[in-house]
Amino acid sequence: MAAKIIDGNAIAAQIRKEIASDIEALKKSTGVTPGLAVVLVGENPASMSYVKSKNKAAHEIGIYSEQHNLPANVPEKDLLALVEKLNKDPRIHGILVQLPLPDHIDEKKILNTIVPEKDVDGFHPVSLGRIMTGEKGFRPCTPFGIQKLLVYSGVKIAGSHVVVVGRSNIVGKPIANMLVQKEADADATVTICHSRTKDLPSITRQGDILIAAIGRPEFVTADMVKEGAVVIDVGINRIEDKTHPKGQRMVGDVKFDEVSKKAAAITPVPGGVGPMTITMLLYNTLQSARAAGA
Ligand SMILES: NC(=O)c1ccc[n+]([C@@H]2O[C@H](COP(=O)([O-])OP(=O)(O)OC[C@H]3O[C@@H](n4cnc5c(N)ncnc54)[C@H](OP(=O)(O)O)[C@@H]3O)[C@@H](O)[C@H]2O)c1
């Protein structure tokens with residue numbers, strides 16, 4: 001039977017509606033308007049497009065947003081000074097430094113300078129540590145979006161075996177730590193796989209929920225998936241396709257055509273995890289403003 005499609009666009013739209021009405025209520029009750037500062041270094045076209053989308057989404061939902069563009073050769077100390085200034089700015093509740101940064105800048109140093117109270121991207125070690133210990137804090141936007149996709153689609157997480165392929169600090173490790181927590185919307189048994197995992201298909205086939213965050217086009221094939229599994233495809237890959245007007249098209253880490261015949265539910269690419277990432281950035285900014293206004 002064909003899998004149910006988990007529609008990231010529809011779920012993101014629903015969550016954005018909820019965020020917009022919560023922002024309205026926050027403004028009325030406390031006078032606080034959530035504020036987001038987005039910092040862009042250089043002119044990487046992909047980064048420019050992400051930053052533009054984030055600012056637009058923030059503006060549309062009622063968040064005050066400002067963009068700081070710095071040249072690619074900006075000295076590290078100037079970027080640190082900007083982050084310090086934003087840390088102290090009472091209008092700003094969330095600071096996002098778009099990655100990747102140029103080679104002469106120490107990415108970790110910059111991310112670690114953002115105060116954890118404004119770390120709406122959830123990349124600060126304090127935020128990541130709080131995920132591990134199950135404390136309140138900002139969840140990184142992509143893993144948070146995956147968790148919301150599962151919850152809003154009615155997928156049972158508690159007691160399920162979640163297999164995550166990929167152990168990056170921005171997707172694999174945080175989603176695994178979030179879903180293993182002893183709390184609502186979690187309580188799963190979690191296995192993390194990576195490039196050194198032996199006999200990967202024998203492990204992925206055990207997943208009631210399979211999360212692919214690998215960065216390899218159509219890597220997960222039907223023989224790697226359990227019949228009736230829920231498959232979340234995080235991958236964003238561009239492959240050559242002469243039949244496509246642009247000569248290329250976007251695919252995920254999962255071979256959608258064959259896996260969608262075996263899975264119970266699956267996210268498409270595009271239109272699955274992607275739309276959730278910015279949505280959870282907006283959500284985190286609202287939470288930060290709430291905490292500041294409380
Ligand atoms: N939708 C969104 O908003 C969103 C957000 C973030 C990322 N993404 C996409 O998600 C994908 C993953 O991103 P990422 O930043 O997590 O990537 P990453 O940092 O490159 O990590 C990839 C992970 O996959 C593992 N891996 C690579 N080849 C493998 C193989 N043959 N077998 C098993 N595991 C393998 C790597 O293992 P090792 O650790 O052993 O190298 C690594 O842990 C990318 O396509 C990215 O574009 C999408």
Side-chain angles (χ1 to χ4, degrees), residues 5-12 15-16 38 44-47 49-54 57 96-101 107-108 111 120-123 127-128 131 138-150 162-179 190-207 210-221 223-225 231-239 248-256 259 266-284:
I5 304 297
I6 299 177
D7 185 345
N9 284 317
I11 295 172
I15 297 176
R16 285 190 198 198
V38 182
N44 173 325
S47 294
S49 145
Y50 290 142
V51 161
K52 195 173 159 199
S53 309
K54 287 168 186 174
L96 182 152
V97 179
Q98 185 65 44
L99 302 179
L101 292 171
E107 226 164 71
K108 272 194 188 150
L111 295 182
V120 286
D121 239 352
F123 292 161
S127 303
L128 294 169
I131 291 181
F138 295 115
R139 298 330 188 205
C141 302
T142 301
F144 202 6
I146 295 169
Q147 188 181 34
K148 291 282 181 196
L149 276 181
L150 294 170
V162 175
V163 176
V164 181
V165 190
R167 56 175 163 183
S168 72
N169 288 335
I170 61 166
V171 190
K173 278 192 262 184
I175 189 61
N177 278 283
M178 285 162 66
L179 297 182
V190 179
T191 302
I192 308 179
C193 306
H194 47 77
S195 67
R196 304 295 297 273
T197 297
K198 274 191 200 158
D199 193 6
L200 181 67
S202 72
I203 300 175
T204 54
R205 274 196 296 269
Q206 294 173 37
L210 177 61
I211 300 175
I214 311 164
R216 290 180 181 249
E218 302 181 319
F219 180 88
V220 176
T221 45
D223 61 310
M224 296 172 74
V225 177
V231 179
I232 305 291
D233 189 352
V234 188
I236 301 176
N237 310 288
R238 286 177 207 285
I239 58 166
Q248 56 171 21
R249 68 188 160 90
M250 194 196 284
V251 295
D253 288 345
V254 175
K255 208 162 179 26
F256 183 88
V259 173
I266 187 167
T267 56
V269 176
V273 175
M276 296 297 291
T277 299
I278 294 184
T279 303
M280 300 325 293
L281 172 73
L282 306 174
Y283 182 92
N284 281 347

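Indexing begins at 1, ligand by ligand and atom by atom, following the structure's order. Everything quoted here is computed from the prediction, not taken from an experiment. Hydrogens, waters and symmetry mates play no part in the numbers below; they use all other heavy atoms, side chains included.
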- Message: Geometry only, no angles: is T277 polar-contacting ligand 1 at N/O separations under 3.5 Å?
- Response: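 The answer is yes, given that T277 and ligand 1 share an N or O pair closer than 3.5 Å.
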
- Message: Checking the N or O distance criterion of under 3.5 Å, is ligand 1 in contact with D253?
- Response: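 By distance alone, the answer is no.
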
- Message: Within this structure, what is the NZ-CD1 distance for the pair K173 and I131, rounded to the nearest 0.5 Å?
- Response: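 The distance works out to 12.0 Å.
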
Protein contact to [atom] [nearest heavy atom, distance to 0.1 Å]:
atom                    : result
atom 29 (C) of ligand 1 : I214 CG2, 3.7 Å
atom 28 (N) of ligand 1 : R216 NE, 2.9 Å
atom 18 (P) of ligand 1 : S168 CB, 4.1 Å
atom 8 (N) of ligand 1  : V234 O, 3.6 Å
atom 32 (N) of ligand 1 : F219 CZ, 3.6 Å
atom 39 (O) of ligand 1 : R167 NE, 2.7 Å
atom 7 (C) of ligand 1  : V171 CG2, 4.0 Å
atom 47 (O) of ligand 1 : I236 O, 3.6 Å

- Task: Decide whether the shortest distance between a heavy atom of C193 and an atom of ligand 1 is less than 4.0 Å.
- Result: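 It does not, in that no heavy atom of C193 comes within the 4.0 Å cut-off of ligand 1.
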
Select one of side chain, backbone, both or neither to describe which atoms of [X] lie under 4.0 Å from any atom of ligand 1, heavy atoms only.
X    : value
T142 : side chain
M276 : neither
T197 : neither

Under 4.0 Å from a heavy atom of [X]: give me the atoms of ligand 1 that qualify, with their elements.
X    : result
I170 : 15 (O)
G166 : 23 (C), 24 (O), 43 (O)
N237 : 45 (O)
G215 : 11 (C), 12 (C), 44 (C), 45 (O)
G274 : 1 (N)

- Closest to atom 40 (O) of ligand 1 among P174, P270, S195 (heavy-atom distance):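 The nearest heavy atom belongs to S195.
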
- Side chain to side chain, L96 and K54, heavy atoms closer than 4.5 Å: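 They are in contact (side-chain heavy atoms under 4.5 Å apart), so the answer is yes.
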
- Item | Donor-acceptor under 3.5 Å (D253 side chain, D233 main chain) |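 Side chain of D253 to backbone of D233, a donor-acceptor pair under 3.5 Å: no, none is there.
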
